[in-house]
2 protein chains.
Amino acid sequence: MSAKYQKIYQSLLDQIESKNIKAGEYLPSENELMKQYDASRDTIRKSLNLLLQNGYIQKVVGKGSVVLDADRIAFPVSGITSFKELKQTMSGDVKTIVHELQKFPADEKMKKELYMESGDVYKIVRIRTINNEKVILDTDYLNGNVVDGITEEIANDSLYDYIEQDLGLKISFSKKEITVIPATKEEKKLLDMLDYDLLVCVKSYSYLEDATLFEYTESKHRPDKFRFVDFARRMK
Amino acid sequence: MSAKYQKIYQSLLDQIESKNIKAGEYLPSENELMKQYDASRDTIRKSLNLLLQNGYIQKVVGKGSVVLDADRIAFPVSGITSFKELKQTMSGDVKTIVHELQKFPADEKMKKELYMESGDVYKIVRIRTINNEKVILDTDYLNGNVVDGITEEIANDSLYDYIEQDLGLKISFSKKEITVIPATKEEKKLLDMLDYDLLVCVKSYSYLEDATLFEYTESKHRPDKFRFVDFARRMK
DNA sequence: GAGTGGTCTAGACCACTTT
DNA sequence: AAGTGGTCTAGACCACTCG
């Protein structure tokens, strides 16, 4: 986070989020920003590109960079938000129950899902409660060759913090798939399902900076507690 | 699409998609690509950035750009795919039934959703069938000050083609929200709901290049026919 | 005509990986 | 030591919007 363009991005973002520059207003021109931040045009443009990609501004040729209305749909779910990070944007009292934690030699399914040839796999099953209702069931499978030393405390706190801060690995990107599936008896027993028979299933593959696949997750949400927000630019 | 970096992007993408360069292999280095395409490093890097953002490659410092496994999760839903575009990636026989098409002065709800002060709004209700099953209910509201002249044929074919090709407007970005909602009696009547009581609701706000909001859509999917795929890079 | 963003170029230094 | 990507700079021309 020491790069100049990232600092400028953060500085501009702060001004947008604090409503110092309001939705509908224009940012200073690239020329202006060059002077303000004592940076080259290219550096400024890198900063603006980050704002652009994350849906904070829209550039209009001949006019400038307009600030968009980020409140319209609040923006909790961008990037690879882990549950702990997500939690901070959620209302209500959120807790984690570690239901299962084991380490075992990778079976066929895991070798396939995690592209492993040998070694151990961690399986972690966690139940997430919101206001004391059990509404999310997370099952993680981790490549034990990449990540090791997972304990119940870690699983109870934050896996991502452990991987990034303690192991010093860098989580880089993920692929997610969202579908709706019937709840099994087992799942109905573990969660407070009310009258629902379906679960929203988010399958997720997470990768490190060097493109190593280290985690496969199935996150099953009670339908009424599920919400996903997306910002997308058109690519033609 | 005439920019040099976009052409290089497309060229590299073709090679990746045709398996000319396979997953796990490295692209030529930036230096190599500069020579191959007779371009500056900056231009090459712009092309690679597009591949990066769309999940086709991962850059590893000191090594190069690895091609990722795009097949792992197929990638139908990136950008603002309209239904017609989506259709092409779907299996099965897909049809559209225009159920309602009207134009009326914006009421309070529409003024709020579309940020209008006055003028007309189009309301279009369409039912999408897959293999003759009615599984998706799309309701579009369009700002009549921006988009005009919509007929049943257009609604039946492709709204986006009309807006982009006939009206010459440029669709630029959208915000989407995915939730699950109970199906109303009306919706149950319009769709083939089998035993399902829930619908996946995708609310979408679509904007033009100059940041004008021109469309608000509610797309309701029968749960078993819904699938959403997402690629995300971590922003810390 | 002045100002805006969009694109492209050429050159430089750094931290990192590999041999 | 050589090669890689990450960052930063300076200068140029274009198409576009606005007054």
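Residue numbering restarts at 1 for every chain, and letters A, B, ... go by the order of the sequence lines.
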Engineer: Do the side-chain N and O atoms of A/Asp14 and A/Gln10 include a donor-acceptor pair separated by under 3.5 angstrom?
Structural biologist: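 The answer is yes; a qualifying pair exists.
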Engineer: Under a 4.0 Å threshold between the charged nitrogen and the carboxylate oxygen, would B/Glu30 count as salt-bridged to B/Arg45?
Structural biologist: yes
Engineer: Scan residues 32-45 of chain A against DNA chain C and write down, sorted by residue number, each residue with any heavy atom closer than 4.0 Å; if none is found, say none.
Structural biologist: A/Arg41, A/Arg45
Engineer: Sequence neighbours left out, what passes side chain to side chain donor-acceptor pair (under 3.5 Å) with B/Thr151? Give chain and number order.
Structural biologist: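 Checked B/Thr151 against side chain to side chain donor-acceptor pair (under 3.5 Å); zero matches.
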Engineer: Regarding B/Asn156 and B/Thr96, is there a side-chain donor-to-acceptor distance under 3.5 Å anywhere?
Structural biologist: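 B/Thr96 and B/Asn156 do not have a side-chain donor-acceptor pair below 3.5 Å.
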Engineer: Name all residues meeting the ring pair (Phe, Tyr, Trp, His ring centres under 6.0 Å) criterion together with A/Phe214; count only those two or more places apart in sequence or in a different chain, and write none if there are none.
Structural biologist: none
Engineer: Please lay out, stage by stage, how B/Tyr207 and A/Gln58 fare under the test side chain to side chain contact (heavy atoms under 4.5 Å, CB included).
Structural biologist: CA-CA 10 Å; B/Tyr207 296 77; A/Gln58 173 70 0; over 6 Å; no
Engineer: Starting from the C-alpha separation in whole Å, work towards a yes-or-no answer on side chain to side chain contact (heavy atoms under 4.5 Å, CB included) for B/Thr43 and B/Ile8.
Structural biologist: CA-CA 9 Å; B/Thr43 302; B/Ile8 298 173; 4.1 Å; yes
Engineer: Out of the candidates A/Lys175, A/Glu113, A/Glu215, only one should pair with A/Tyr205 under the side-chain hydrogen bond (donor to acceptor under 3.5 Å, both in side chains) rule; please name it.
Structural biologist: A/Glu113
Engineer: Using a heavy-atom cut-off of 4.0 Å to chain B, what are the terminal contacting nucleotides of DNA chain C, in 5' to 3' order?
Structural biologist: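 Under 4.0 Å from chain B, the extent on DNA chain C is C/dT7 to C/dT18.
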Engineer: Got a sec, which residues hit side chain to side chain contact (heavy atoms under 4.5 Å, CB included) with B/Lys103, two or more places apart in sequence or on another chain?
Structural biologist: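 In terms of side chain to side chain contact (heavy atoms under 4.5 Å, CB included), with neighbours along the sequence ignored, B/Lys103 is linked to B/Asp120, B/Tyr122, B/Asp148.
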Engineer: Between B/Tyr141 and B/Tyr216, how do the two ring planes meet: parallel, tilted or perpendicular, split at 30° and 60°?
Structural biologist: parallel
Engineer: Could you list, one pair per line, each protein nitrogen or oxygen that sits under 3.5 Å from a nitrogen or oxygen of nucleotides 15-19 of chain D, together with the distance?
Structural biologist:
| from | atom 1 | to | atom 2 | distance (Å) |
| --- | --- | --- | --- | --- |
| D/dC18 | OP1 | A/Lys63 | NZ | 3.2 |

